[in-house]
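Below is one structure; the comments refer to it alone.
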Amino acid sequence: MNTNVVCLKRSQIDQASEILANAFNDDPMFRYLSSEAEQARTNFLKWNCKTALRYCQPHNHIYTTASNLKGVAAWIPPGNSSFNILRLLPMLLALPFKLDWSKLGRVMSLLSTMEEHHKQDMPQPHWYLAMLGVAPAYQGQRIGSSLLQPILKQAEREGLPCYLETSTQQAVRFYQKQGFEVLWMGELPGGSPSLWTMKREPQRELVNG
């Protein structure tokens, strides 16, 4: 199946946030971080996904499917992958109003753990996959792998690695099929669902070819 992949328009961020929220609705890490109440969790997911897309949008490397949005892949280019505290500040200030205080510490622990391993794992320039999600109705149709291709191919040409975090074994298997390898697997301090960090080295034969 040939999927036409295009850059996401700023006007599509709300719709893309809905798609990502639906894609991550059953994600164990998001369930660990958010409210047990269904509507509160849905609202937090939508807000979180919209915040992430707005953070990535200035770099202009968010990809979706043409005509009908079926999924979203948001990348951050080399040299910009560490969290920018000033740009994150609005999100951090809003968090206490989006979550119970009991969950707030979990979010901060996740951000801290992700940043610690990111810096440790990837001291060199690299592409960072901030989010990838496919609408449930279109999963299993190779939409996700198609959305990754623009940057995987660019990374190959540049001879640069790619990096991501994920929190399900199913996602780990998917990314392994795309050439990623697990660097670290563990839990947040105090216990949480498992978190994996993964890296994809450029394929030498493609870079040289």
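Below, each value reflects all heavy atoms present in this structure, side chains not excepted, and no hydrogens, waters or symmetry copies. Remember, predicted model here, so these are calculated numbers, not experimental data.
- Taking each heavy atom of Trp127 and Leu160 in turn, the nearest pair found is NE1-CD1, 4.2 Å.
- Annotation for Met29 and Ser192: closest pair CE-OG, 4.2 Å, computed over non-hydrogen atoms.
- For the pair Ala155 and Pro202, the tightest heavy-atom approach, listed with the atom from each and the gap, is O-CB, 4.3 Å.
- Remark: Arg41 pairs with Glu38 by the salt bridge (charged side-chain N to carboxylate O under 4.0 Å, His left out) rule, at least two apart or across chains.
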Quick one: side chains of residues 177-190, donor-acceptor pairs under 3.5 Å with protein atoms, not counting sequence neighbours, listed by atom name and distance.
residue : atom : partner : partner atom : Å
Gln178  : NE2  : Phe174  : O            : 3.4

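- Side chains of Gln39 and Asn43: a donor-acceptor N/O pair is present below 3.5 angstrom, by distance only.
- Note that CE of Met108 and CZ of Arg106 are 15.0 Å apart. Values are rounded to the nearest 0.5 Å.
- Listed for the Thr113 side chain is no donor-acceptor partner under 3.5 Å among the backbone atoms of Leu110.
- The line from CE of Met114 to CG of Leu195 is 7.0 Å long, rounded to the nearest 0.5 Å.
- Atom-to-atom distance recorded for Gln154:CD and Glu158:CD is 4.5 Å, nearest 0.5 angstrom.
- No donor-acceptor distance shorter than 3.5 angstrom exists from the side chain of Asn60 to the backbone of Pro58, with no hydrogens or angles considered.
- With Asn48 contributing its side chain and Phe44 its backbone, the two residues share no donor-acceptor pair below 3.5 Å.
- Just one residue in the list Thr65, Thr3, Asn68 forms a side chain to side chain donor-acceptor pair (under 3.5 Å) with Tyr138, and that residue is Asn68.
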Before you tell me yes or no, could you show the steps for Asp27 and Tyr32 under side chain to side chain donor-acceptor pair (under 3.5 Å), namely the whole-Å CA-CA distance, both residues' side-chain angles and the distance that decides it to 0.1 Å? CA-CA 9 Å; Asp27 184 276; Tyr32 171 78; over 6 Å; no
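- In this structure, Gln12 contributes its side chain and Lys9 its backbone to a donor-acceptor pair below 3.5 Å.
- Smallest separation of non-hydrogen atoms from Leu69 and Thr64: CG-OG1, 3.3 Å.
- In this structure, the side chain of Glu165 does not engage the main chain of Thr197 through any donor-acceptor pair within 3.5 Å.
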Does the side-chain contact (heavy atoms from CB on, under 4.5 Å) test come out yes or no for Leu53 and Ser17, once each step is laid out? CA-CA 8 Å; Leu53 290 177; Ser17 301; 3.7 Å; yes
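- In this structure, the side chain of His126 engages the main chain of Gln124 through a donor-acceptor pair within 3.5 Å.
- No donor-acceptor distance shorter than 3.5 angstrom exists from the side chain of Glu18 to the backbone of Asp14, with no hydrogens or angles considered.
- The distance from the CD atom of Gln120 to the NE2 atom of His117 is 6.0 Å, given to the nearest 0.5 Å.
- Proximity of a side-chain donor or acceptor of Tyr63 to a complementary backbone N or O of Gly71 within less than 3.5 Å is not detected.
- Scanning all heavy atoms of the two residues, the minimum distance from Ile19 to Val134 falls at CG2-C, 4.4 Å.
- In this structure, the side chain of Arg200 does not engage the main chain of Tyr163 through any donor-acceptor pair within 3.5 Å.
- Note: Leu33 CG to Ser109 OG = 9.0 Å, rounded to the nearest 0.5 Å.
- Contacts of Arg31 classified as salt bridge (charged side-chain N to carboxylate O under 4.0 Å, His left out), with partners at least two apart in sequence or in another chain: Asp26.
- Scanning all heavy atoms of the two residues, the minimum distance from Ile151 to His61 falls at CD1-ND1, 3.8 Å.
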